[in-house]
Amino acid sequence: MRGGGGAQARGRDLCARRPLDGTGRIADGPPAGTEVSLRRVPIHVIEEYARHNCHADLLRERIDGVTGA
């Protein structure tokens, strides 16, 4: 991944020093203040990747007409 700069390093450092069941609060955005476990973060990332991969697949199907491959 590119463009993360210091954020990626900070994220790795924070994750390495905490247990998966450790909790924290979301700092900003619509869910600001919501308590989440560190375990929830990679699950959310996996969900987002799956969602966006599906979107890309739908676009590809519209372009080349191949479905179910």
Side-chain angles (χ1 to χ4, degrees):
M1 292 175 86
R2 295 180 184 202
Q8 287 180 357
R10 184 171 185 268
R12 284 189 196 105
D13 183 53
L14 289 171
C15 291
R17 293 185 288 135
R18 288 173 172 71
L20 284 177
D21 293 330
T23 60
R25 296 203 180 274
I26 297 175
D28 57 8
T34 302
E35 186 174 72
V36 295
S37 71
L38 182 57
R39 183 181 312 273
R40 180 69 188 115
V41 175
I43 291 171
H44 176 72
V45 171
I46 291 167
E47 289 171 342
E48 285 297 311
Y49 271 110
R51 188 172 297 118
H52 291 288
N53 284 338
C54 181
H55 292 162
D57 194 44
L58 291 172
L59 291 172
R60 183 204 45 80
E61 287 176 4
R62 296 287 294 178
I63 293 167
D64 67 13
V66 176
T67 59

Qualifying side-chain hydrogen bond (donor to acceptor under 3.5 Å, both in side chains) pairs, either residue in residues 20-33, two or more places apart: Asp21-Arg39
Do Pro19 and Leu38 touch side chain to side chain, with heavy atoms closer than 4.5 Å? no
Residues in salt bridge (Lys or Arg N to Asp or Glu O under 4.0 Å) contact with Arg62, at least two apart in sequence or another chain: none
Those residues that, when tested against Arg40, pass salt bridge (Lys or Arg N to Asp or Glu O under 4.0 Å) (two or more places apart): Glu47
Verdict with reasoning, Ser37 to Leu20, per side-chain contact (heavy atoms from CB on, under 4.5 Å): CA-CA 7 Å; Ser37 71; Leu20 284 177; over 6 Å; no
Among Ile, Leu, Val, Met, Phe, Trp and Tyr joined by side-chain contacts under 4.5 Å, find the other residues sharing a cluster with Ile26 and list them by chain and number. Val36
Test side chain to side chain donor-acceptor pair (under 3.5 Å) applied to His52 - qualifying residues, sequence neighbours left out: Glu48
Checking Asp13 now: which residues fulfil side chain to side chain contact (heavy atoms under 4.5 Å, CB included) with it, not counting sequence neighbours? Arg17
Inter-residue atom distance Ile63.CD1 - Leu58.CG, 0.5 Å rounding: 11.0 Å
At their closest point, which heavy atom of Ala27 faces which heavy atom of Ala32, and how far apart are they? O-CB, 3.9 Å
